[in-house]
Visitor: 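Dumping the structure here so I can ask a few things about it.
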Amino acid sequence: MTTASGPVRNKAAFNLFDFLYKYGTIITILLLVAVFGTITDSFLSTTNIINILRSISIVTIIAIGLTVSLTVGGFDLSVGSIASVANAVIISLFVWHGQSVGVGIAVTVLFCLIIGLINAFLVINFKIQDMLMTLATMFVFQGVALTYTRGATVSQNMIMPDGSFATGQIPVLFGKIGQVPWIILIMLFVVAAVHMFLTYTKHGRYMYMIGGNREAAELSGIAVSRYRLIAYLVSALFAAIGGIILGARVMSAEVNAGSPYLMDAVAAAFIGYSVLGAGKPNALGTFVGAVLIGILQNGLIMLSVPYYAMDIVKGSVLALALALTYYKRSR
Amino acid sequence: MNGSEAYRLHMKNISIAFPGVQALTDVDFYTDPGRTHALIGANGAGKSTLMKVLSGAYHHYTGEIWIGDKQVDIRSPKDAKDHGIQIVYQEVDTALISGLTVGENIMIEQTVHDMRGKHIIRWKQLHQTAQGILDKMNVRVSSKKLVNELSLAEKQMVLIARAVSKQCRYLVLDEPTAPLSHNETEQLFRLIRSLRSEGVGIIFISHRLPELFEICDDITIMRDGRLVTRDKIAELDQPKVVEYMLGEKLEAQFPQTERSIGDKWFEARGIHDPGKVNHVDFHIHQGEIVGIAGLVGAGKTELCRALFGASPTASGEIWLQGRKLHVGSPHQAVRQGLALVPEERRKEGVFVEEPVSANLTAAVLSRFCSWGSWLSLRKEKEASEAIIRSLGIKTPSEKTKVQNLSGGNQQKVAIGKWLLADADVYIFDEPTKGVDVGAKRDIFELVTELARRGKCILYASSELSEIIGITDRVYVMYDGGIKKELETRQTDEEEILLYSTGGGLT
C-alpha cells in the first residue's frame, strides 16, 4: 500500500502542513524577532543578542548530548543530573582541593564518563526502556551530587563542616570559559562538530540507522551495542561540559544547579526534529530549538512577563513540537 | 452420521478478494458436529482465509453459511460466537492477557459482555466456574495462576477452555501443534477426542500429515483459493494428499544457466539452538545453490539466524574454506564474509526512513569513507546508482526514502545491500515473500548470478516450486532438524513436501 504514493503526493499541490513542518520553527523565530524588535527598544541591540546567545549556550551543549542519545533511539534523561555532578565536582576540586584547571576538567570529565558508562550498561544489558532507566539514574546522580556537596552550595571561602573556611581559589583562567566570547564560541564549535559527526561520518550514519531500525542495523553487521554505548558516553560528555561551563559562569556549585537544564534541553532537541524537515534528531535543529527558546524567554522577560510564568510558555512550545513530530509520523 | 446432520455446518460458494488477490473462489465446505475435520493446503491455499470468514474476521465475502437448515449471517467475530463457532488462532499470546489469571482469561467474554448493569466482579464464582471447565477438560492448571507463568501448550489449553466456556458447536484450531512438543501434542489430542465425543465439531488446520491421519475423520484439501477435494481421511494416503495439494506443476520461470560447482567451501557442524534448531549439519560447495526446504515453522529462519550469529543461544561450528569462523554476532558474521537477507524485510532488512543510497551502503560503509571515518557522499552516490541500475530498482532517485518504494523494490534494496558487500556466503531467507512475479524473476536471476560468480548460496524457502527451480541440492527441514538431503535433479515437489510434512521413512 506504500507503493510510490509518497513522492507523488509530495510533488502534487503545495502542502501547507509540510511547508509549516519544515520551516515553521524558523518562521516562528523570525516572527518573534520582528515582534519583540518592534515592541521593545533594546531587543535588537548587539548586547542583547550576545546576551541571548550566552544564555542558551549551556542549554545547547547539554541538548546536543541529549540529541546524540536520541539518534540511536535512546533518551538520556539524566543529562541535567550529570551537569549537576560536573558542576559540583569541578568547583569542589578547586575550592576544597586547590587543583589546577587542567586536572579539574580532566577529573570531572572522567567522572562523568563513568556515569555515562553506568547508564549505557544498564540500558543495554538489562534491555530496559532508555527513558525509564535514565529516569531512575537521573534520581541517583542527582542524589550523588547532593550527597557529595552535603546538600550545601560550594563556593570560595565557604564554611567547611569543621568550622574552618575553605582555602582553595577558583582559577581566573577557568572563569574565562564562562564569559563572552568563549562560552558562545564553545557552543558554536560543539554544534558544528556534532553536526559534522552525525552527517558526514560513518559513525553518525550508523547511529541514525540504529535509531531507525535496530533489528535491521544488527543484521547489517553494525555493532549496535558499541554505538549505543558511545552515544551514552557522548551524551554524558556534553552534559559534563555543560556543567563545567555552568560552574565557570556562576563560579559556584548551587544545589541541583543542572536540573533545570533538562527540560529546556529536551524541548530544544524535540523542536529540532522538524527543522528543515529532518524528521529525526539533529544538531543544527537542536541549536535552532535552543535559539527559539532563548528568544522567547528573553523577549518575554523584556515584556515584563514574570520569570515564574516562563515554564508555562516553554512547556507549551515543547508540547507543540512533540505534537508536530508525532502527527507527522502517523501520516 | 448419526443424525447430527441437523447441525451440519455448510459454507456455500464462498468467495473473497483482497486488493490484487482473489483469495477464495467458490469454496464449498461442510462438516458435522462430533467429527474432526482436517483442512489442509500449501502456503497461500486459502485455508486460514476460509476459517477467518467462518469466524467473522471479514465482512466483505460473498456466499452463504448454513448451520443445519438455517442460514446464518456471520459478519463479525461476535456473530460467529453467537452461533457457537469458536476459533483458536496460532498466535496464542495475542489472544491472552498475560498479566491476568487463567480464570480471568477464560471468563473474559462473560466479564465483558454479560456484566450489563453489574459492576462488581464475584471472584469466587469466577474462579469456580473457570476451574470447573479446566477440570472437565482434564487440564491440570490452577485458575488462579497468572497466564505469563504458563507454558505455550498450557496457554493453548486456556484458549480452548475459553472457547468451550461459551456455547461451542464448532471449534477451529489453526495450526495448534506447530509450537508443541510431542507430549504436549498428545495432551492436545486427548482433549480434542473428548470434545469430539461431546459432539463438538472440530476443524483442524495443520501442515503435519501424520498428525492429520492420527486425529482426523474427514479431510478437505485446498489449493490456490479453491477446494480440491473432500473425503473421509481413511480413503486417502499421504502421497495422495500431497498430490492434491500441489496439483499441476507450475511453469518454470527460472533462469537456466550453466554453472560449475567447485569444492566444498562452507560447512556447518552441529548447529543447535534449543527449542528451535536441532543439531543441523550441512555443507555448500563453491558456486552451489543449496536449498533449505520446509514448511512455515520448521526452523528455517531460526537456522539462518543461528548461522549469522543473530541468536545468542545458538551453538555449533562454521567453517569457510577450511578456516573456522567465530560468529558471535552479526557484526562478526559480516566481517568474515557472511551475508543474510532476512525474511521480515520491513522489520529486519531495510531502514524505511533512510534513503535508498544509505540502505545500500549500510553493510559496507567503511568502503565509502576517506580519511578514516569521513563519508564520501560522491562515492556512495555512484555505487548506489550502479546497484540501482543493475538490479532495476524502480526509484525516482537514490535519495528517495525506502518507505516510498514497493515491496518488491524494497526487497531488491535489501538484497542490493549485500551485493556491495561482496560476501562469500549468501543466506537468503524467503527472499520472494510478498514480491510480485516480475520482481521474483529478477531475484532468481540475481541469486543465480551470485552463484555463477562462485559464491556459496543458502536459499531457505517454503515455496517448493522455487526450491525445485533454483537450487542444486536441498535439505528438507522438519521440526528444527534436517530430515533429508536430496539432489534437486533427482527429486520433485511431492517428495520434498512429503518429507517436509514429516512423512516418508525416518
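By convention in this document, chain letters (A, B, ...) are assigned in the order of the sequence lines, proteins followed by strands, and residues within each chain are numbered from 1. The shown structure was predicted, so the numbers you read here are calculated from the model rather than taken from an experiment.
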Visitor: Considering only heavy atoms and a distance below 4.5 Å, find which of B:Lys394, B:Glu353, B:Gln332, B:Lys347 pairs most often with chain A.
Guide: B:Lys347
Visitor: Is A:Tyr208 close to chain B through its backbone or its side chain, or both, or neither, when contacts mean heavy atoms under 4.5 Å?
Guide: both
Visitor: With a 4.5 angstrom heavy-atom cut-off, is it the side chain or the backbone of B:Leu338 that approaches chain A, or both, or neither?
Guide: neither
Visitor: Would you check if there is a donor-acceptor pair between the side chains of B:His272 and B:Ser315 at a distance under 3.5 Å?
Guide: no
Visitor: Name the option with the most non-hydrogen atom pairs under 4.5 Å to chain A; the candidates are B:Ser329, B:Ala310, B:Ala358.
Guide: B:Ala358
Visitor: Can you tell me which portion of A:Arg226 sits under 4.5 Å from chain B's heavy atoms? Options are side chain, backbone, both or neither.
Guide: side chain
Visitor: Establish, yes or no, whether the cationic atom of A:Lys202 lies under 6.0 Å from the six-membered ring centre of B:Phe368 and within 45° of the ring axis.
Guide: no
Visitor: Whether the A:Thr286 and A:Thr67 side chains hold a donor-acceptor pair (N or O, under 3.5 Å, no angle test) is what I'd like checked.
Guide: yes
Visitor: Can we call the ring centroids of A:Tyr327 and A:Phe17 under 6.0 Å apart?
Guide: yes
Visitor: So which bits of residues 359-367 of chain B come within less than 4.5 Å of chain A, counting non-hydrogen atoms only?
Guide: B:Asn359, B:Thr361, B:Ala362, B:Ala363, B:Leu365, B:Ser366
Visitor: For a quick test of reading the model, state the closest non-hydrogen atom pair linking A:Ala283 to A:Leu198 and the distance between them.
Guide: N-CD1, 4.4 Å
Visitor: Are any of the side-chain heavy atoms of A:Met138 and A:Leu135 separated by less than 4.5 Å?
Guide: yes
Visitor: Mind checking whether B:Ser462 and B:Lys300 have side chains closer than 4.5 Å, heavy atoms only?
Guide: yes
Visitor: If the threshold is 4.0 Å, N to carboxylate O, is there a salt bridge linking B:Arg305 and B:Asp429?
Guide: no
Visitor: With only heavy atoms counted, which part of B:Val341 is less than 4.5 Å from chain A, the side chain, the backbone, both or neither?
Guide: neither
Visitor: Can you find a heavy atom in the side chain of A:Val224 that is under 4.5 Å from one in the side chain of A:Arg214?
Guide: yes
Visitor: Identify which of A:Glu218, A:Lys280, A:Met196 forms the greatest number of heavy-atom pairs closer than 4.5 Å to chain B.
Guide: A:Glu218
Visitor: Tell me, please, which residues at least two apart from A:Ser78 pass side chain to side chain donor-acceptor pair (under 3.5 Å).
Guide: A:Asp76, A:Asn119
Visitor: Go through the atoms of B:Glu380 and report whether side chain, backbone, both or neither lie under 4.5 Å from a heavy atom of chain A.
Guide: side chain
